[in-house]
Amino acid sequence: MTRLGFFTRLLDDVAPAERYHLAAEQILHAERLGFDTAWVAQHHFDGGEGGLPAPLVFLANVAARTSRIRLGTGIITLPLEDPVRVAEDTAVLDLLSDGRLEVGVAGGGTPKSFTAFGKDPAQRHAIYAEHLQVLLDAWSGGDLGGGNRLYPAAPRLLDALWEATFSISGGERAGLGEHGLMLSRTQPRPAGAPHATLAELQKPIVDAYYANLPAGVAPRIMASRTAFVADTREEALRWAARGLARPGLPQPDGGGVDELIAAWDAHVGTPEDVVASLKADPTLERVTDLVFQVHSIDPPHELILRSIELLATEVAPALEGSTV
């Protein structure tokens, strides 16, 4: 059975403290409604891109207020972190949450953010590979230099690591490493295929993951999808038009709400609309985790809570038992 998840970049249009309060409330609401996982993004310096630079600190607070839902990072920008400290912080948080932590990592991030951390964005891939190996060595109990080993020990986290990627090579790496694979809600179209569907872009990534996953290892594939569900189609489209047409967001030719929704690979409307749209996405037939977010529609908090409720009570049951 596919696990149901909620994801947030903490973009509510309020002050930072209130953003954290509202995001926590959304996760608690998701837990009460039976969601299996909740994920938070990490962003540095730009509150318009994402509201949380310290995801593990935030998740420690949420862990103390929840009991069942699994809590994940989606993602930690690993080249900008000290991997030994990531190992230590995740080890402690996993114990505090009674083993509910999932750790998503990637090498991306806004290039200008690298300067503040003394890193060269041109070297992000090499730094990522180096830091990922240190993180794995730490969780494995390896010598981190001078005879030092991670305390507290955290071998369980080796099976809770996920890698996010837009690339086939990233799918290969995640498979070879026996890690989870994280697929984005949308991704840039290549110059030679500007009208390619999201499924067409993600199929070779998933193929590469399966092709490189060792025999006998259970796959872990998470697909993040934008979904905003409302009680009426008119309400959903009104908020989609307002959110997706905000200044600063890329705008497709035509500019109508349907074109905006298609350009952002979003699933918008009543529960019936969203179920039909999701069933048309063949990628979802191959995933183990389906994780929903409202970005970049970003309706008010009360409508996010209602969308979470409709996803849990109407959309997810309709998808269960189908080919998705």
Should [X] and [Y] be regarded as members of a common hydrophobic cluster, given that ILVMFWY residues are connected when their side-chain heavy atoms come within less than 4.5 Å of each other, either directly or indirectly?
| X | Y | result |
| --- | --- | --- |
| Leu284 | Leu310 | yes |
| Leu213 | Val287 | yes |
| Phe6 | Tyr20 | yes |
| Tyr210 | Ile205 | yes |
| Tyr209 | Val217 | yes |

Worksheet entry | Spacing of OG belonging to Ser113 relative to CG belonging to Asp46, to within rounding of 0.5 Å |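 One gets 8.0 Å once the value is rounded to the nearest 0.5 Å.
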Discussion item. So, taking the atom named CG in Leu290 and the one named OG1 in Thr2, what distance separates them when rounded to the nearest 0.5 Å?
Written reply: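 So the gap between those two atoms works out to 7.0 Å.
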Practice prompt. Not counting sequence neighbours, list each pair that qualifies as a side-chain hydrogen bond (donor to acceptor under 3.5 Å, both in side chains) and has a residue in residues 304-314.
Written response: Asp231-Arg306, Arg306-Glu309
Practice prompt. Let me see the working for Arg242 and Asp298 under salt bridge (charged side-chain N to carboxylate O under 4.0 Å, His left out), right down to the final yes or no.
Written response: CA-CA 9 Å; Arg242 180 180 301 186; Asp298 298 313; over 6 Å; no
Expected output: side-chain [X] to main-chain [Y] donor-acceptor under 3.5 Å:
| X | Y | value |
| --- | --- | --- |
| Asp36 | Leu4 | yes |
| His43 | Pro53 | no |
| Thr165 | Ser167 | yes |
| Thr8 | Leu10 | yes |

Tell me the closest heavy-atom pair linking [X] and [Y], and the distance in Å.
| X | Y | answer |
| --- | --- | --- |
| Thr186 | Leu198 | CA-CD1, 3.9 Å |
| Phe45 | Ala116 | CZ-CB, 3.5 Å |
| Val134 | Leu144 | O-CD2, 4.3 Å |
| Pro152 | Ala91 | O-CB, 3.5 Å |
| Glu235 | Ala230 | OE1-CB, 3.4 Å |
| Ala41 | Pro55 | O-CB, 4.5 Å |

Any side-chain donor paired with an acceptor under 3.5 Å for [X] and [Y]?
| X | Y | result |
| --- | --- | --- |
| Arg124 | Thr77 | no |
| Tyr128 | Gln123 | no |
| Gln26 | His301 | yes |
| Gln42 | Thr73 | no |
| Thr37 | Glu102 | no |

Worksheet item: Taking side chain as C-beta onward, heavy atoms only, is Ile261 less than 4.5 Å from Val257?
Response: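 Heavy-atom side-chain distance check passes, below 4.5 Å.
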Practice prompt. Check the surroundings of atom CG in Asp143: do more than 12 heavy atoms from other residues, nucleotides or ligands lie under 6.0 Å from it?
Written response: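 More than 12 heavy atoms, drawn from other residues, nucleotides or ligands, come within 6.0 Å of this atom.
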Discussion item. Using the ring centroid of each side chain, check whether Phe117 and His44 are separated by less than 6.0 Å.
Written reply: yes
Please list, one pair per line, the donor and acceptor atoms closer than 3.5 Å that link side chains of residues 135-142 to other protein atoms, with sequence neighbours excluded.
{"unit_1": "Asp137", "atom_1": "OD1", "unit_2": "Gln133", "atom_2": "NE2", "d": "2.9"}
{"unit_1": "Trp139", "atom_1": "NE1", "unit_2": "Thr90", "atom_2": "OG1", "d": "3.3"}
{"unit_1": "Ser140", "atom_1": "OG", "unit_2": "Leu136", "atom_2": "O", "d": "2.7"}

Worksheet item: Residues sharing Ile75's hydrophobic cluster, by side-chain heavy-atom contacts under 4.5 Å among ILVMFWY, directly or via others?
Response: Phe7, Trp39, Trp162, Met182, Met222, Val291
Presence of salt bridge, [Y] and [X], under 4.0 angstrom:
| X | Y | value |
| --- | --- | --- |
| Asp265 | Arg189 | yes |
| Arg70 | Asp289 | no |
| Arg156 | Asp94 | yes |

